[in-house]
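The figures here come from the full heavy-atom set of this structure, side chains too, leaving out hydrogens, waters and symmetry mates. This one's a predicted model, so the numbers in the text were calculated from it and none came from an experiment.
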Amino acid sequence: MKRAFATLITAALLAQPVQAEETEMQANHPYVGLWVTEDGHIRHELLSNGRYVEARGTRERAYEGRYEVTGTHIEYWDDTGFTADGDFIDDVLHHAGMILYRR
C-alpha cells in the first residue's frame, strides 16, 4: 500500500506543469534594446532578463512574454500562450511580416 501511494504521489508531482525559466542574458547582448517599425506603431523592447514588452500605438504594454535568441533567430512566447518568431538580418528584425529597426 505504501509503495502504491508513493507511486501515485510521484506521478502527481511529475504531472505538474513546468514553468519555463527566464534566462538572464548579458546586458550587452547585441539584440537587447528597443526595436521599432518605421512608422513607430510597433515597438519591441527586448529586456536583458529574457523578457520582452511589445507596444502597439498608444497601448504601451499590448503584449509581454519571454524570448530566446539562437544565433540570429528569435522565438517569442507571449504570457497568454501566443508564440511567434523572427530573424535578425543585417541588424534589422524581421518578425511576423514586420520590419523593426533598432532605436
Side-chain angles (χ1 to χ4, degrees):
M1 180 69 170
K2 286 184 183 179
R3 184 177 179 113
F5 184 70
T7 301
L8 181 62
I9 294 295
T10 301
L13 290 173
L14 291 175
Q16 296 297 314
V18 176
Q19 289 283 10
E21 292 184 24
E22 294 170 13
T23 57
E24 185 70 28
M25 298 183 76
Q26 296 175 3
N28 63 353
H29 185 282
Y31 302 126
V32 167
L34 185 62
W35 297 84
V36 181
T37 55
E38 190 170 39
D39 64 3
H41 185 73
I42 308 293
R43 300 171 305 282
H44 284 198
E45 186 172 6
L46 303 179
L47 305 172
S48 63
N49 65 355
R51 302 271 308 161
Y52 75 92
V53 177
E54 179 178 319
R56 289 182 173 243
T58 58
R59 291 180 58 203
E60 287 301 320
R61 297 182 91 80
Y63 299 98
E64 296 180 63
R66 69 181 186 90
Y67 72 93
E68 288 181 12
V69 176
T70 305
T72 58
H73 184 76
I74 185 168
E75 295 278 343
Y76 295 91
W77 292 271
D78 185 83
D79 289 342
T80 64
F82 178 80
T83 61
D85 67 347
D87 293 289
F88 295 93
I89 302 170
D90 297 327
D91 206 35
V92 174
L93 173 55
H94 297 260
H95 164 70
M98 296 179 283
I99 298 174
L100 295 98
Y101 301 92
R102 179 183 289 285
R103 279 278 158 88

Next item on the list: Would you check if L47 and E45 make a side-chain contact, meaning some heavy-atom pair closer than 4.5 Å?
Entry: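 Of all side-chain heavy-atom pairs linking E45 with L47, at least one is under 4.5 Å.
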Nearest 0.5 Å, what's the [atom1]-[atom2] distance between [X] and [Y]?
X    : Y   : atom1 : atom2 : result
L100 : H94 : CG    : NE2   : 9.5 Å
F88  : L93 : CZ    : CG    : 4.5 Å
I89  : H73 : CD1   : NE2   : 11.0 Å
I42  : W35 : CD1   : CH2   : 16.0 Å
Y76  : T83 : OH    : OG1   : 12.5 Å
R59  : R43 : CZ    : CZ    : 11.0 Å

Notebook entry, point to check: Do side-chain atoms of R102 reach the backbone of V32 as a donor and acceptor pair under 3.5 angstrom?
Noted result: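 Yes.
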Next item on the list: Search all heavy atoms of R56 against all heavy atoms of M98 and return the closest pair with its distance.
Entry: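 Looking at all heavy atoms of both residues, the shortest contact is NH2-CE, 4.2 Å.
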Checklist line | Nearest heavy-atom neighbours spanning D87 and I74 | finding: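 Of all heavy-atom pairs spanning D87 and I74, the closest is N-CG2, 4.4 Å.
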Margin query: With a 6.0 Å cut-off on the ring centroids, do H44 and Y67 count as close?
Written below: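 Judged by ring-centre distance (under 6.0 Å), H44 and Y67 do not meet the cut-off.
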Margin query: Grouping I, L, V, M, F, W and Y whenever their side-chain heavy atoms are under 4.5 Å apart, do Y31 and Y101 come out in a common cluster?
Written below: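 In one cluster with Y31: Y101, no.
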Checklist line | Connected via hydrophobic side-chain network under 4.5 Å: V69 and V36 | finding: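 As far as the 4.5 Å side-chain criterion goes, V36 and V69 are not connected within one cluster.
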Check: Could D79 and R51 be called an ion pair, given the rule that one side-chain N must be under 4.0 Å from one carboxylate O?
Finding: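 Salt bridge present between D79 and R51.
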